[in-house]
Amino acid sequence: MSSYKPEDIESKWQEYWQENKTFKTPEDHDKPKYYVLDMFPYPSGSGLHVGHPEGYTATDILARYKRMNGFNVLHPIGWDAFGLPAEQYAVKTGTHPRETTQKNVDRFREQLQDLGFSYDWDREVNTTDPDYYKWTQWIFLKLYEKGLAYEDDVPVNWCPELGTVLANEEVIDGKSEVGGFPVVKKPMRQWVLKITEYADRLLEGLDDLDWPESTKKMQRDWIGKSIGANIDFKVSGYDEEIRVFTTRPDTIFGATYMVLAPEHDLVDKITTEDQKEAVKEYQEEAARKSDLERTELSDEKTGVFTGVSAINPATGEEIPILVADYVLVTYGTGAIMAVPGHDDRDWEFAKKFDLDIVEVVEGGDVSEGAYTDTEEGTMVNSENDDISLNGLSVDEAIERITNWLEDIGQGEKAVNYKLRDWLFSRQRYWGEPFPIIHVDGEPKPVREDDLPVTLPEMDDFEPTEDGEPPLAKAIDWVNTEDPETGKPAKRETNTMPQWAGSCWYYLRYCSPEFEDGPVDPDEENYWMPVDMYVGGAEHSVLHLLYARFWHKVLYDCGVVSTKEPFQRLVHQGMILGEVEFTGFKKDGNWISADIADEVEDVERVKLSEDQVEKQGDEFVIKDTEITVDSKAHKMSKSRGNVVNPDDIVDQYGADSMRLYEMFMGPLEQVKPWSTKDVDGVYRFLGRVWRLIIDEDSGELNESVTEASPSKEQLKVLHECIQKVTGDIEDLSFNTAISAMMIFINEANKWEEHPKPILEQFIKLLSPFAPHIAEELWRKLGHDESIAYVDWPEFNEEYLISDTQLYPVQVNGKVRGEIHVPREKAKNKEFVLSEAKSEENVKKYLEDGNLVKEIFVPERIVNLVVK
RNA sequence: GCCCGAGUGGCGGAAUUGGUAGACGCGUCGGACUUAAAAUCCGAUUGGCAUCCAAAUGCCAGUGCCGGUUCGAGUCCGGCCUCGGGUACCA
């Protein structure tokens, strides 16, 4: 017996590929190149889940396809291996993070190899390897030299439980993204990177990238460039000015009050004696509120009067200055001129505190709500002795008033960004040490020759009690001397965030052994940019923005030759767990899903597929009217719906696993997992096998012949070649697989299977299911791996059939079909007369007058009858 | 609230520039093979109606809802609804 047994062939070929270094990246630069990259995985303790191989399979298919099309392919993998989980585990168990990381990396590597991915394992990189982070540190020095890295005392998100500072992005609803622990604001000395200096270039660079529009938009929004004006308002009775940023200087005549953020410096200076207490109380309250609370309570605006007024430079009127937390200290100048007539937030606030609302742009009704349209409105009530905006459009008014403010020295055109500088240090052990020493309290870069600054050996990874990083406990390591002056020095004890290593790893893959820089310029020149980058949409903003930032800095340093690192980007869609049916019970009785939300103490009951049935648009409990919830959920440990790829490989083999992940649906779409559907692709592979192999002998089937292929066989093959080739180019892997299934279904009907046909088909299959393809390729008599044979060429000639099918419509409804000889297929008169004499069509023509005839060559005929 | 994306059989999903809606797969039903089962193979499978011994054929409805453009709409336009994702007072 020799039926299709993936377990017998897959490990065999995996070992073969390894031993023969089949997928070693070519060293010549003579062919066109293709750099296809997966997002850097973090080797977590739980191993791969089925979401990982989705993107990896897609890139692997592309890599294999491009190799067969004569490209030099760079298809590497490595490990983003610094990070909090290994450190937390170390704190708990005493196991050194290096050991945990090593173990996890080994597990990941093994799992990936079990899936038969064609990575060049000689180029594996690991961010925790000193030979790697030496260059991460080197890049930091470049940033430092360029003045893009600075120290600052900033209020940071301090998480006492984790003993570390978190980036804004790592804090969700006032809790840590990892672990869900509370986070508080605390001022600390931190390293910060001046990403804001690159804001404009990061914005412009997006234009030419072949990325999903939504991702580009998210980056643009994150950078958040807005153009407007800075305006200075004099504080009445003080020698102080309040500077505000506004995108709507045109509405200045409607500015009836001002607001300072509670943290604004001027608050304490100007507040009057009798308001001091109220203001102080308000500030304290605001400080206590987490970001979550601030937004949750956003319906109700709060604030307090400072007791002082400012002078509106346009109207000359005194307007009250208030403190309110709807103004953020971190954006613009931390102060605003409030124009309740034309800003929703100001309007809401003015209503609540009974402040004046003045209409200065005509077009709405400011007693009903703020009028914010900038297209339609015209200016009104905007006039003083010097200038009038009345009658102008918003755009004209902005121009005019900005110039006027500049003339009187109270304002200027200004640009603002939402993007803030990047908080770049963490109070952790398991990260890259900064190549910085402190001499006489001043930071000083470590000399390039002294890199890498390696992590000291430690066995206690907890932060000090006052929040100093764990490295502060490595006294011998911290205390060093300045090699230039011999003065005593202290090493920086913060470490870099996890983003650091992943900001440039794609460069290291080009020349992982290079010793004179992060990347060999020759190799960089050849391989960059990344032609195809596949990874999750969760990295839409941060990783991709940070990496682009570093890349641009490296471009300025002359290290890289391209302005952007990733030319084409695709996000694979998330794979959800199996669809679950949930019924709802109250006091032991079933209730419908749509009312379950409103009822208390509802019991949720998981139902099996055969306990429910479809009724209309909903699922109900069988033989009842009680609706149930039908939904696929995100895979999670707590829900217990995580699918482990190892189990699928054990049961069906890696080829089926790969095929199923691609067959589920379009790559970029969210899709529910269904293990029983894997049967479909597994059976398909079984049919491929049996088409070629005699199960009794294990040899080629007798039907596999040297005969020359028939016209029909060539047609079926070339239809498949055309579809699969086009679909791979479009990343429509699901329909490519379906085309191969169609081929096999057709081929199964043939009595003879000419070898050349089968060989071409096996080539098409090989990027998707490489193990079975390699095995069958050898059985068909080849000595070399299929990995580098030429991709089948599609020949249109074979597709042309003897007849052309025309559906015939009458008034847009199909009433019959006709087959016309190929040579007459474009003959309008002939086709129409054939169409009109079709039996079923005739009936319709008899009932009315033919008023119009539509003839679309090689497509369709439509006869319009009245 | 705002910004994206998506709604097609029992299920996952197919359908060039508008041109036969439901490819391919799962499931289900029926059949073949088998002592039996598994595996495999063949057939049916959107709903309804009609003719008919049957095979088959025809008709009507149908791609979230309402309306429009067109000889012809899953696809284009306008207005909604639902679900998923992102974002959160950014002046």
Side-chain angles (χ1 to χ4, degrees), chain A residues 3 212-215 217-218 221-222 224 226 228 244-248 251 259 291 294-299 301 324-328 330-339 343-346 348-349 416-420 537-538 540-541 573-574 576 579 609-610 612-614 617 619 630-632 634 659-660 663-666 668-681 683-684 686-687 690 695 726 732 734-742 745 748 805-817 839-840 843 851-854 856 858-865:
Chain A
S3 55
E213 272 314 311
S214 57
T215 304
K217 194 177 178 313
M218 281 169 76
D221 289 350
W222 189 266
S226 41
V244 303
F245 172 74
T246 177
T247 54
R248 295 293 306 276
T251 60
V259 183
D291 288 345
R294 279 209 193 183
T295 51
E296 256 186 0
L297 303 171
S298 64
D299 311 337
K301 293 240 178 324
D325 67 1
Y326 82 92
V327 172
L328 309 173
T330 46
Y331 182 77
T333 60
I336 61 158
M337 65 173 204
V339 185
D343 181 284
D344 292 319
R345 297 151 299 181
D346 297 343
E348 214 180 291
F349 189 79
N416 239 295
Y417 299 91
K418 257 160 78 172
L419 184 69
R420 291 173 223 158
E538 65 274 19
S540 288
V541 176
M574 203 194 324
L576 305 174
V579 172
E609 213 184 317
D610 38 86
V612 299
E613 62 184 347
K614 184 99 178 198
D617 287 339
F619 278 90
S630 142
K631 217 174 168 182
K634 209 168 160 169
L659 225 36
Y660 174 66
F663 188 63
M664 289 171 83
E668 300 186 56
Q669 203 166 295
V670 178
K671 307 165 276 275
W673 179 270
S674 168
T675 297
K676 71 169 193 240
D677 283 10
V678 183
D679 281 332
V681 292
R683 283 178 203 151
F684 162 68
R687 284 201 290 276
R690 287 190 301 276
E695 293 193 88
S732 300
N734 54 331
T735 50
I737 294 166
S738 134
M740 290 189 280
M741 289 172 165
I742 291 170
N745 291 346
N748 258 324
L805 168 77
Y806 274 100
V808 181
Q809 297 182 330
V810 178
N811 293 338
K813 289 198 164 142
V814 179
R815 298 302 181 184
E817 314 185 312
E839 277 309 308
N840 199 43
K843 290 191 295 197
V851 295
K852 199 170 180 185
E853 297 167 341
I854 311 282
V856 185
E858 296 182 311
R859 264 275 131 86
I860 206 162
V861 170
N862 190 7
L863 304 170
V864 186
V865 172

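Below, chain A is the first sequence line, B the second, and so on; all start at residue 1.
- Taking only distance into account, the side chain of Asn862(A) meets the base of C71(B) through a donor-acceptor pair shorter than 3.5 Å.
- Using a 4.5 Å heavy-atom cutoff, the side chains of Met740(A) and Ile737(A) are in contact.
- The nucleotide A38(B) finds no pairing partner, because no Watson-Crick or G-U wobble arrangement with both distances shorter than 3.5 Å includes it.
- Protein atom CD of Glu839(A) is 11 Å distant from nucleotide atom P of G58(B), rounded to whole Å.
- For the C1' atoms, the distance from C29(B) to G10(B) is 13 Å, rounded to whole Å.
- An OP1 or OP2 oxygen of C59(B) is reached within less than 4.0 angstrom by a side-chain nitrogen or oxygen of Arg815(A).
- Nearer the 5' end of RNA chain B, as judged by each residue's closest nucleotide, is the contact made by Lys813(A), out of Lys813(A) and Arg248(A).
- Across all strands shown, Ile336(A) has heavy atoms under 4.0 Å from base atoms, whether or not it also approaches the sugar-phosphate.
- An OP1 or OP2 oxygen of G86(B) is reached within less than 4.0 angstrom by no side-chain nitrogen or oxygen of Ser540(A).
- Distances were taken from every side-chain heavy atom of Asn745(A) (C-beta onward) to each of A91(B), C24(B), U20(B); the shortest belongs to C24(B).
- In terms of phosphate contacts, Arg687(A) brings a side-chain nitrogen or oxygen within less than 4.0 Å of OP1 or OP2 of G25(B).
- An OP1 or OP2 oxygen of C59(B) is reached within less than 4.0 angstrom by no side-chain nitrogen or oxygen of Lys843(A).
- A side-chain donor-acceptor contact under 3.5 Å links Tyr806(A) to the backbone of Glu858(A).
- Residue Ile854(A) has its side chain nearest to G19(B) when only C11(B), G19(B), C26(B) are considered.
- For Gln809(A) against G19(B), a side-chain N or O and a base N or O form a donor-acceptor pair under 3.5 Å.
- Here C65(B) sits opposite G79(B) as a Watson-Crick or G-U wobble pair (both hydrogen-bonding atom distances under 3.5 Å).
- Considering CE of Met337(A) and CG of Asp346(A), their distance stands at 9.0 Å, rounded to 0.5 Å.
- Remark: A55(B) base-pairs with no nucleotide; criterion is Watson-Crick or G-U wobble with both hydrogen-bond distances under 3.5 Å.
- Contact between the side-chain N/O atoms of Asn840(A) and the OP1/OP2 oxygens of C59(B) is found at a separation under 4.0 Å.
- Among the nucleotides C24(B), U40(B), C26(B), the one closest to any side-chain atom of Lys676(A) is C26(B).
- Each of G25(B), C89(B), A15(B) was ranked by its minimum atom distance to the side chain of Met741(A); first place goes to G25(B).
- Taking 4.0 angstrom as the limit, Lys614(A) places none of its side-chain polar atoms (N or O) nearer than this to OP1 or OP2 of U28(B).
- Contact annotation for Lys631(A): backbone-only contact, meaning every heavy-atom pair under 4.0 Å involves sugar-phosphate atoms and none involves a base.
- Classified by interplanar angle (parallel below 30°, tilted 30° to 60°, perpendicular above 60°), the ring pair Phe349(A)/Tyr326(A) is tilted.
- Here Ser674(A) lies out of heavy-atom contact (under 4.0 Å) with every strand.
- The pairing partner recorded for U16(B) is none, the criterion being a Watson-Crick or G-U wobble arrangement whose two distances lie under 3.5 angstrom.
- One distance of note links OH of Tyr331(A) with OG1 of Thr333(A); it measures 10.0 Å at 0.5 Å rounding.
- Picking from C89(B), G25(B), G13(B) the nucleotide with the shortest atom distance to the side chain of Pro672(A) gives G13(B).
- Between Arg859(A) and C71(B), a side-chain N or O to OP1/OP2 separation shorter than 4.0 Å is absent.
- Pair assignment for C2(B): G86(B), on the basis of Watson-Crick or G-U wobble contacts that are both within less than 3.5 Å.
- Proximity note for Phe663(A) (side chain, C-beta onward) versus C24(B), A61(B), C89(B): the nearest is C24(B).
- Side-chain proximity of Tyr331(A) to C4(B), A23(B), A91(B): nearest is A91(B).
- Note on Asn734(A): every side-chain N or O is 4.0 Å or more away from OP1 and OP2 of C24(B).
- Across all strands, Val856(A) comes closer than 4.0 Å to base atoms (heavy-atom distances).
- Contact annotation: Gln669(A) reaches the phosphate of G13(B) (side-chain N/O to OP1 or OP2, under 4.0 Å).
- Residue Lys852(A) places at least one side-chain N or O under 4.0 Å from the OP1 or OP2 atom of C71(B).
- Atom CD of Glu609(A) has 12 or fewer neighbouring heavy atoms from other residues, nucleotides or ligands inside a 6.0 Å radius.
- Between Phe349(A) atom CZ and A91(B) atom C1' the separation is 14 Å, expressed in whole Å.
- Closest contact between the side chain of Leu805(A) and the listed nucleotides C89(B), G13(B), U20(B) involves U20(B).
- In the set C4(B), C26(B), A14(B), the nucleotide with an atom closest to the side chain of Thr735(A) is A14(B).
- Nearest nucleotide to the side chain of Pro807(A), out of A23(B), C41(B), U20(B): U20(B).
- Of the two residues contacting RNA chain B, namely Asn811(A) and Val681(A), the nearest-nucleotide position lying further toward the 5' end is that of Val681(A).
- Residues Asp677(A) and Met664(A) form no side-chain contact, since every pair of their non-hydrogen atoms from C-beta on lies 4.5 Å or further apart.
- Atom NZ of Lys614(A) is surrounded by more than 12 heavy atoms from other residues, nucleotides or ligands within 6.0 Å.
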